[in-house]
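What follows is a set of notes on a single structure, which appears directly below.
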Amino acid sequence: MSEKLAILGGEKSVLLKPEDLFTWPIITPEDEAATLEVLRRGAMSDTDVTQAFEKEFAEWQGTTYALGYCNGTASILGALFGCGIGQGDEVLCISVVYWAAVLPVRTLGATPVFVEIDPQTLCMDPTDIEHRITKRTKALIVVHNYAHHADLDPILDVARKHGLKLIEDVSHAQGGMYKGRKLGTFGDVAAMSLMAGKSLAIGEGGMLVTNNTEIYERAIAYGHYERFTSANITSPDLQCYVGLPLGGVKHRMHQLSSAVGRVQLRAYDERCVEIRQAMNHFWDKLEGVPGIRAHRVDEAATGSTMAGWYGAHGLYCPEELGGLSITRFAEAVRAEGASCQPGANLPLHQHRLLGPQPPLPISDGIGKRTFFIPWFKKYQPQKIEEYARAYRKAAKGAEKLIAEDPGDPATLGNFSSRLGRRT
Ligand SMILES: *Cc1c(COP(=O)(O)O)cnc(C)c1O
């Protein structure tokens, strides 16, 4: 096959039809039967299916409690309230992330304080935390960003040393591992989205998991009014308020979601194993190619995993390709027939809503050094190798691409994480 770049008139790399290579979620007659059962019984707004799902979820997660939510954003809000976050508090967050991992802090009258990311993991940089802690700092929200676990050991050390609550946002990494232990079990509480674009996809939905009774009961009190009853609550501080939701919000999960969730959860770990096999095969084929690096963990050596590879990314090193912009590189990859979207989430601290903020050099520059890669759901090596070939050709052809390099625009990425969603 010719190595002439498709963007310069050569043959495309990707010739095989993807078929089910990217299809997600995988819906079977079991999912259909579960939803029909809820519909026919008129039980969409009940909680029986949701409570069964919560029980199974807690067992799978390895926590005492699981509490279902209408969406992931609400579960983060519930987790923050559960931790006692309120007016005047500060919560440490990252900036290059989907907004729901930050903005609920403001809903409670608290202030997000931004911490740098590590350019290799794209998660919170543990060495940038301590100098940002003040008397008002109460908690950290740690996101396992784009399915890569955060550097939990040193982050936990800082949290313990300063008496801060740790909230894990597991929206990108349900079922992932850090050194052999499941993500979502390291913090005081974890919250996550289970919406249809995520790797554990049940429809609109979210889940809070914890071993802490006080956090669990406060989360119920905040937004699960029908479960905020004296029978469900042991805390005397909350008992006197039962009946009305403290947050004035309604957080109940829709039972079409919990019905799908029960079915999806049973197949999830096995499907993730295949995703990891597929994604690792893609990167194995690109090992040593200049200019691009995998954003992944060494599973065998660390006991950590990339869960279901949500929002799969690559790291871009333009200095190895004569300064070729990610914009031009990605154009060339797409011309080969493979998806490649430059950038990551736009840094939230640059948005007007959060007011003027000090610069964060790594976060500000990350858009030019990252790209969304195809998100394979099936281990189909022949097809996957075509996608890898598309990336290899673009990197190897860098010299020819530079001639017509328009450079990068001022911002790369999007405030919504759904850019790289389909493939
Ligand atoms: C998707 C997402 C959320 C919010 O979840 P929704 O279900 O969309 O409300 C929160 N945090 C992160 C990191 C996410 O990617």
Side-chain angles (χ1 to χ4, degrees), residues 24-25 50 53 57 66-81 91-108 112 114-115 117 121-124 139-150 166-176 183-184 187 189-209 219 223 247 249-254 256-258 260-261 264 295 306-313 341 343-348 363 366 370 372 375 413-422:
W24 200 259
T50 297
F53 181 41
F57 200 95
L67 183 61
Y69 278 83
C70 52
N71 57 51
T73 306
S75 72
I76 293 175
L77 183 57
L80 285 160
F81 184 80
V91 178
L92 299 163
C93 302
I94 57 168
S95 177
V96 178
V97 74
Y98 184 64
W99 58 262
V102 173
L103 297 186
V105 170
R106 291 162 51 96
T107 310
L108 293 170
F114 291 106
V115 177
I117 53 169
T121 66
L122 306 180
C123 298
M124 188 178 279
L140 302 122
I141 300 178
V142 163
V143 184
H144 304 298
N145 223 5
Y146 311 120
H148 196 299
H149 65 76
L166 182 71
I167 299 164
E168 288 180 82
D169 180 339
V170 195
S171 301
H172 296 186
Q174 301 91 345
L183 297 175
V189 58
M192 68 198 86
S193 172
L194 304 175
M195 57 82 74
K198 300 285 156 69
S199 64
L200 181 47
I202 74 168
E204 289 301 301
M207 194 65 85
L208 176 152
V209 292
V249 293
K250 183 178 157 187
H251 279 168
R252 182 167 68 220
M253 182 181 275
H254 194 304
L256 287 184
S257 290
S258 41
V260 172
Q264 288 292 319
H295 176 246
M306 290 290 283
W309 281 81
Y310 175 79
H313 262 76
Q341 201 62 52
N345 288 88
L346 278 182
L348 294 165
S363 301
I366 206 69
T370 47
F372 285 92
W375 185 18
N414 197 293
F415 283 119
S416 149
S417 68
R418 305 188 68 188
L419 255 182
R421 199 171 70 90
R422 273 287 148 211

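It should be emphasised that the depicted structure is a prediction, and the values quoted were computed from it without experimental measurement. The first residue of the sequence shown is numbered 1, and numbering continues consecutively from there. Numbering of ligands and ligand atoms starts at 1, following listing order.
- In terms of polar-atom proximity, Tyr98 is not counted as a contact of ligand 1, lacking any N or O under 3.5 Å from an N or O of the ligand.
- Among the atoms of Tyr310, none of the N or O lies under 3.5 angstrom from an N or O of ligand 1.
- A heavy-atom distance below 4.5 Å is found between the side chains of Arg106 and Pro112.
- Which parts of ligand 1 touch Ala100 is read off a 4.0 Å heavy-atom cut-off, strictly below it: atoms 3 (C), 4 (C), 10 (C).
- Of all heavy-atom pairs between Ser193 and Gln174, the closest is O-NE2, 2.8 Å.
- When every heavy atom of His149 is checked against every heavy atom of His144, the shortest pair comes out as CA-ND1, 3.5 Å.
- Using a 4.0 Å cut-off between heavy atoms, Leu194 makes no contact with ligand 1 at all.
- In Thr73, the parts holding a heavy atom less than 4.0 Å from any atom of ligand 1 are both the side chain and the backbone.
- Shown here are the ring-ring contact (aromatic ring centres under 6.0 Å, His included) partners of Phe53, two or more places apart in sequence or in another chain: Phe57.
- By the 4.5 Å heavy-atom criterion applied to side chains, Asp169 and Ile76 are counted as neighbours.
- Proximity to Ile76 (heavy-atom distance under 4.0 Å) selects the following atoms of ligand 1: 10 (C), 11 (N).
- For the pair Glu204 and ligand 1, no heavy-atom separation below 4.0 Å is found.
- Every atom of ligand 1 is numbered from 1 in the order shown, and the set under 4.0 Å from a heavy atom of Met195 is 7 (O), 8 (O).
- At under 3.5 Å, not a single nitrogen or oxygen of Val143, backbone or side chain, sits near a nitrogen or oxygen of ligand 1.
- At least one side-chain heavy atom of His172 sits less than 4.5 Å from a side-chain heavy atom of Asn145.
- You'll find the side chain of Thr73 reaches within 4.5 Å of the side chain of Pro104, heavy atoms only.
- For His172, every heavy-atom contact with ligand 1 shorter than 4.0 Å involves the side chain, none the backbone.
- With ligand atoms numbered from 1 in the order given, ligand 1 contributes 2 (C), 3 (C), 10 (C), 11 (N), 12 (C), 13 (C), 14 (C), 15 (O) to contacts under 4.0 Å with heavy atoms of Ser171.
- Put simply, the side chain of His295 reaches to within 4.5 Å of the side chain of Met306, judged on heavy atoms.
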